[in-house]
Student: 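Below is one structure. I have some questions about it.
Lettering follows sequence order; numbering is per chain, from 1.
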2 protein chains.
Amino acid sequence: MEHVEEEPGFEAAADTLREYLPRDYTVQVNGKCRVSYSGRTQSKLDRGDRMILVKQDSALLVHGPDNYQPRNWQPEVDRWSVGTGDGALTIEARRLDPEEVVEIELSSIELVTVSQMVDESELKISGHEVDIHEAIEETPEIVEDGFNLVARERKTPAGYIDVLGRDMDGAMTVVEVKRNPDYNTALQLQRYVDEIEEEFSGDVRGILVAPKLSDEVDGYLNERGLEFVEVDMDDIIQDYKLQDSQSGLSDFGPEYSTG
Amino acid sequence: MEHVEEEPGFEAAADTLREYLPRDYTVQVNGKCRVSYSGRTQSKLDRGDRMILVKQDSALLVHGPDNYQPRNWQPEVDRWSVGTGDGALTIEARRLDPEEVVEIELSSIELVTVSQMVDESELKISGHEVDIHEAIEETPEIVEDGFNLVARERKTPAGYIDVLGRDMDGAMTVVEVKRNPDYNTALQLQRYVDEIEEEFSGDVRGILVAPKLSDEVDGYLNERGLEFVEVDMDDIIQDYKLQDSQSGLSDFGPEYSTG
DNA sequence: ACTTTCAGTTCGTTC
DNA sequence: GAACGAAGTGAAAGT
């Protein structure tokens, strides 16, 4: 940790920011501020306690005291401007494409920290939609007994079909895989079936493969003669279980609840 | 700021966490850690420098040195467990619905801070999709000269139609408004047109109103006889310009670029 | 560089 | 409480 400055003056904080913002440092500023954004839309946020975080790739986050998401942000900053005056420290974070700017007006500063973080490790994750695809390729009977895969990501005029195959009777079958299916998913599947029926001049089955389905969408599928196959995400995850899993957590204190 | 502890020992840090995590405090821990997640999917993240942020509504964020988004998170934690042992401090953040857990194993701690932030101010924003809707209601000629609005959010068996109206010749017209249109938008519009044609037994126009459109989707619209009207978001934003906008930023230092 | 699609999406609103 | 849809979506993968 290069710096930990508690309640610095505006000039001292500005010096630190001017030095470290444009370089590959993680900079944190806690304090009261107002924030305005102008670009793809416009927004304005009145004074409040916030934590400002500038990451080493110049990502800017303005976090409030709650919520997963920041109250304001700039995913990538091309040009910084730091100024003092009028009893405030101002930070302007400008991006060129798309052109947008976040302005922060700090009226008091509790803490400034500067550090360089090293994090080369990759996030290994299992349970994405692509894992369902791979599971189907490996064991096509997930879709149905006797199902045979013909193509993946097959292009049609209406977009890409996830999986194209034939059932045990040789009937052409369109399979749409979705982690979180919605109404559009059903429309999409219907459209694919129409496309393939036109191309092959014959009846085509359409199957949605997903972990769950709302009643409404299920009803739409039924009306249209489309089918639904439920997959258990636990099975998918278990097939691709992570190696080197953490173990031996020990000596826990008593559990306690939030609130 | 209640606490600023630089390089605390595991036991001291654990005491602080056990005291403040379950209450309405913003807690920050900087240090090297491994993270694993298990719930809707499974993920594993090896050791690296991270900033852990626990907000007053129990939202947990594990931020790395880059990127807008956290590397791991828990939007709402119901039960915390903090433990020490094996040269590490472990934090378990469990959520009950959906059931999922984030485990953090800290092998070194650089900084712990605890604070209570107050932020009551509301984010005022202009330029959402709903603002396009309102602009059309106010000045229907945005869609087309002579356009008359008949209904908004009209229900059909295929979902809700954004805007239903009649053009200057009295022809029924379905309008779909999208801030970020994609292929599904076109499918949806087509579906609505089909529904309304069936209901009114006559030709129905379909118009997509959006700030931009990819060539591919535009081509699909053309094939189907659907239309596209471009709206300038700047016009929309100006119609609903924010009051009390920030001004008088002064005494900026010289601008400098990232890199 | 642009387009398309997914996300442990999150978040809000509505039914 | 479930479900539907937007987001200043962001991020990754394919073209």
Side-chain angles (χ1 to χ4, degrees), chain A residues 35-45 57 59-62 66-76 95 97-102 123 125-133 153 155 159-160 162 176-186 188 211-218 233 237, chain B residues 35-45 59-62 66-76 95 97-102 123 125-133 153 155 159-160 162 176-185 188 211-218 233 237:
Chain A
V35 188
S36 71
Y37 164 81
S38 176
R40 284 171 283 180
T41 67
Q42 292 194 359
S43 75
K44 173 123 180 41
L45 184 61
D57 62 348
L60 165 71
L61 310 173
V62 181
D66 55 17
N67 264 323
Y68 162 86
Q69 70 169 33
R71 311 236 20 200
N72 262 292
W73 69 95
Q74 189 77 285
E76 215 183 310
R95 189 191 199 183
D97 183 32
E99 186 168 326
E100 49 189 354
V101 57
V102 171
L123 181 68
I125 198 165
S126 165
H128 283 294
E129 182 177 309
V130 64
D131 295 318
I132 306 178
H133 284 243
E153 300 296 323
K155 191 177 176 109
Y160 287 86
D162 283 339
E176 174 75 12
V177 177
K178 272 277 187 279
R179 183 71 160 78
N180 297 304
D182 59 9
Y183 206 94
N184 288 327
T185 309
Q188 218 171 354
K212 58 186 166 55
L213 194 64
S214 73
D215 290 344
E216 192 123 12
V217 178
D218 193 40
M233 283 313 289
I237 293 173
Chain B
V35 188
S36 71
Y37 163 81
S38 177
R40 284 171 284 180
T41 66
Q42 291 195 358
S43 76
K44 173 124 183 35
L45 184 60
L60 165 71
L61 310 173
V62 181
D66 55 18
N67 265 321
Y68 161 87
Q69 70 168 34
R71 308 228 35 195
N72 263 290
W73 69 94
Q74 189 78 284
E76 216 182 309
R95 189 192 200 183
D97 184 31
E99 186 168 326
E100 49 189 352
V101 57
V102 171
L123 181 67
I125 198 163
S126 162
H128 283 290
E129 183 178 307
V130 65
D131 295 319
I132 306 178
H133 284 243
E153 300 297 324
K155 191 178 175 106
Y160 287 85
D162 283 337
E176 172 76 12
V177 177
K178 271 277 188 282
R179 183 73 160 75
N180 297 303
D182 61 9
Y183 211 95
N184 285 327
T185 310
Q188 219 169 352
K212 59 186 164 58
L213 193 65
S214 74
D215 290 345
E216 193 121 12
V217 177
D218 192 40
M233 282 313 287
I237 293 174

Student: Please figure out whether B/Pro75 or A/Glu129 has its closest DNA chain C nucleotide nearer the 5' end.
Tutor: A/Glu129
Student: Heavy atoms under 4.0 Å, any strand shown: does A/Gln69 hit a base, just sugar-phosphate, or nothing?
Tutor: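 It contacts sugar-phosphate atoms only.
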Student: Can you give me the first and the last nucleotide of DNA chain C (5' to 3') that has an atom within less than 4.0 angstrom of a non-hydrogen atom in chain B?
Tutor: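 First-to-last contact on DNA chain C, by the 4.0 Å heavy-atom rule, is C/dT4 to C/dT10.
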Student: Between A/Arg179 and B/Tyr160, name the one whose nearest nucleotide on DNA chain C is closer to the 5' end.
Tutor: A/Arg179
Student: Okay, side chain of B/Asp162, backbone of B/Val177: is any donor-acceptor separation there less than 3.5 Å?
Tutor: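 Yes; at least one donor-acceptor contact below 3.5 Å.
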Student: Has the side chain of A/Arg179 got a donor or acceptor atom that lies under 3.5 Å from a matching backbone atom of A/Gly127?
Tutor: yes
Student: How would you label the contact of B/Glu216 with the nucleic acid (heavy atoms, under 4.0 Å): base, sugar-phosphate, or nothing?
Tutor: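 Sugar-phosphate only.
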Student: If we call it a pair only when both distances are under 3.5 Å in a Watson-Crick or G-U wobble match, what pairs with D/dA2?
Tutor: C/dT14
Student: When both hydrogen-bonding distances must be under 3.5 Å and the geometry is Watson-Crick or G-U wobble, what is C/dG8 paired with, if anything?
Tutor: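 Per the H-bond distance test, none.
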Student: Expressed in whole Å, how much space separates the P atoms belonging to C/dT4 and C/dG8?
Tutor: 22 Å
Student: When the P atoms of D/dG8 and D/dC4 are considered, how many whole Å apart are they?
Tutor: 22 Å
Student: Tell me which of A/Asn72 and B/Gly159 sits closer to the 5' end of DNA chain D, going by the nucleotide each one is nearest to.
Tutor: B/Gly159
Student: Keeping B/Glu216 on the side-chain end and B/Tyr183 on the backbone end, is there a donor-acceptor pair under 3.5 Å?
Tutor: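 No, B/Glu216 side chain to B/Tyr183 backbone: no donor-acceptor pair under 3.5 Å.
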Student: Quick one: the side chain of A/Tyr37 and the base of D/dG8, do they pair up donor-acceptor inside 3.5 Å?
Tutor: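 Present.
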Student: Report yes if the side chains of A/Ile237 and A/Asp131 come closer than 4.5 Å at any heavy-atom pair, otherwise no.
Tutor: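 SC-SC contact between A/Ile237 and A/Asp131 ruled out.
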Student: Does the side chain of A/Leu213 come within less than 4.5 Å of A/Thr185's, by heavy atoms?
Tutor: no
